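Below is one structure, written out as structure tokens; the observations come after it.
Owing to the predicted nature of the structure, the values given are computational and were not obtained by experimental measurement.
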Amino acid sequence: MTNIKSDAKQNQFDKHYLEMASIWAKNSYCKRRQVGALIVKDKMIISDGYNGTPSGFENECEDEKYKTKPYVLHAEANAITKVAKSGNNSCGATLYVTTSPCIECSKLIIQSGIVRVVFLDKYNNTEGLDLLERAGIDVINFKKDE
């Protein structure tokens, strides 16, 4: 996992796209954790997503016991499925996400052709990051103070 970017210009792009993903996360109705994601290819945002329920479902992510409902989609999954519906593709793209991907989203990231993942906060379970690194995807934990 890379923590330092040598290219100052790329570092600025990373910072700004993560700021946008953080703003996008605010669209989530989830109370426990709001996560935002952007897919960028050739310096263009080709998809976006935030965690929430599937289209047509109620906008409540947690049940009465404050547990996340099993059908809530993660921000990464929403962004990847959205780009798939668009007719575009994410081969060679970068995924910017506010929280590191889980193992299920990491599988989707690998299969979608994304080659780079930049995230802010590391989730307590790192299986997803381990899988991405095993697949040869460039994984960058971008510290907020960079």
Side-chain angles (χ1 to χ4, degrees), residues 1-7 9-55 57 61-63 65-146:
M1 183 167 1
T2 307
N3 282 318
I4 300 170
K5 290 302 294 170
S6 58
D7 182 9
K9 188 71 171 169
Q10 184 62 56
N11 194 49
Q12 275 302 108
F13 279 118
D14 291 347
K15 179 181 177 187
H16 292 152
Y17 286 128
L18 283 170
E19 287 171 354
M20 288 190 272
S22 295
I23 292 168
W24 202 243
K26 295 177 183 179
N27 288 316
S28 172
Y29 289 92
C30 296
K31 295 174 184 157
R32 291 181 56 209
R33 180 184 301 261
Q34 294 180 315
V35 180
L38 296 176
I39 299 175
V40 176
K41 185 174 177 178
D42 300 324
K43 295 189 175 97
M44 292 185 300
I45 298 170
I46 61 169
S47 191
D48 53 56
Y50 52 87
N51 56 327
T53 56
S55 298
F57 281 65
C61 298
E62 295 85 11
D63 63 19
K65 294 181 182 176
Y66 206 54
K67 185 177 177 194
T68 301
K69 294 177 180 177
Y71 50 86
V72 168
L73 291 160
H74 290 185
E76 307 94 301
N78 267 326
I80 290 168
T81 56
K82 189 174 180 181
V83 77
K85 283 173 61 175
S86 75
N88 204 341
N89 73 70
S90 51
C91 290
T94 297
L95 172 72
Y96 293 92
V97 63
T98 56
T99 302
S100 61
C102 70
I103 196 157
E104 293 301 319
C105 287
S106 292
K107 293 178 201 176
L108 293 174
I109 292 165
I110 294 164
Q111 290 301 99
S112 69
I114 290 170
V115 297
R116 189 168 173 264
V117 174
V118 183
F119 68 94
L120 283 174
D121 301 322
K122 187 183 284 187
Y123 193 64
N124 58 9
N125 184 331
T126 61
E127 288 178 332
L129 293 176
D130 297 339
L131 185 64
L132 292 173
E133 289 178 347
R134 181 176 171 198
I137 292 176
D138 191 17
V139 178
I140 298 151
N141 186 357
F142 194 95
K143 303 297 182 197
K144 289 183 181 181
D145 52 71
E146 288 185 16

Search all heavy atoms of [X] against all heavy atoms of [Y] and return the closest pair with its distance.
| X | Y | result |
| --- | --- | --- |
| S106 | G128 | OG-O, 3.0 Å |
| L18 | V97 | CD2-O, 3.7 Å |
| C105 | A77 | SG-N, 4.2 Å |
| A37 | L95 | CB-CD1, 4.0 Å |
| T53 | V72 | CG2-CG2, 4.2 Å |
| Y71 | P54 | O-CD, 3.4 Å |

For the atom pair [atom1] ([X]) and [atom2] ([Y]), what is the distance rounded to the nearest 0.5 Å?
| X | Y | atom1 | atom2 | value |
| --- | --- | --- | --- | --- |
| Q10 | Y17 | CD | OH | 8.5 Å |
| F57 | Y29 | CZ | OH | 16.0 Å |
| I103 | I109 | CD1 | CD1 | 11.5 Å |
| L120 | N141 | CG | CG | 8.0 Å |
| N124 | T99 | CG | OG1 | 10.5 Å |
| L108 | S90 | CG | OG | 10.0 Å |

Exercise for the section: State which residues pass side-chain hydrogen bond (donor to acceptor under 3.5 Å, both in side chains) with S112; sequence neighbours excluded, sorted by chain then number. Expected result: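 Counting only residues at least two positions away or on another chain, S112 forms no side-chain hydrogen bond (donor to acceptor under 3.5 Å, both in side chains).
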
Exercise for the section: Return the set of residues passing side-chain hydrogen bond (donor to acceptor under 3.5 Å, both in side chains) with N51 (not counting sequence neighbours), or none when no residue passes. Expected result: S28

Handout entry: Test item: side-chain donor near acceptor, Y50 and N78, under 3.5 Å
Key = no

Validation row: [X], [Y] side chains within 4.5 angstrom (heavy atoms):
| X | Y | answer |
| --- | --- | --- |
| K107 | L131 | yes |
| F119 | T98 | no |
| I45 | M20 | yes |
| E62 | C30 | yes |
| H74 | V35 | no |
| R116 | D14 | yes |

Practice task
Any pair with a residue in residues 25-53 that passes salt bridge (Lys or Arg N to Asp or Glu O under 4.0 Å), sequence neighbours left out, goes on the list, sorted by first then second residue, please.
Solution key: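 Only D48-K82 qualify under salt bridge (Lys or Arg N to Asp or Glu O under 4.0 Å).
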
Practice task
Please say whether more than 12 non-hydrogen atoms of neighbouring residues, nucleotides or ligands are located less than 6.0 Å from CD in E19.
Solution key: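 Yes.
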
Practice task
Give a yes or no answer on whether the side chain of S100 reaches the backbone of Y123 with a donor-acceptor pair at less than 3.5 Å.
Solution key: yes

Problem - Short side-chain to backbone donor-acceptor contact, S47 and I80, under 3.5 Å - result: no

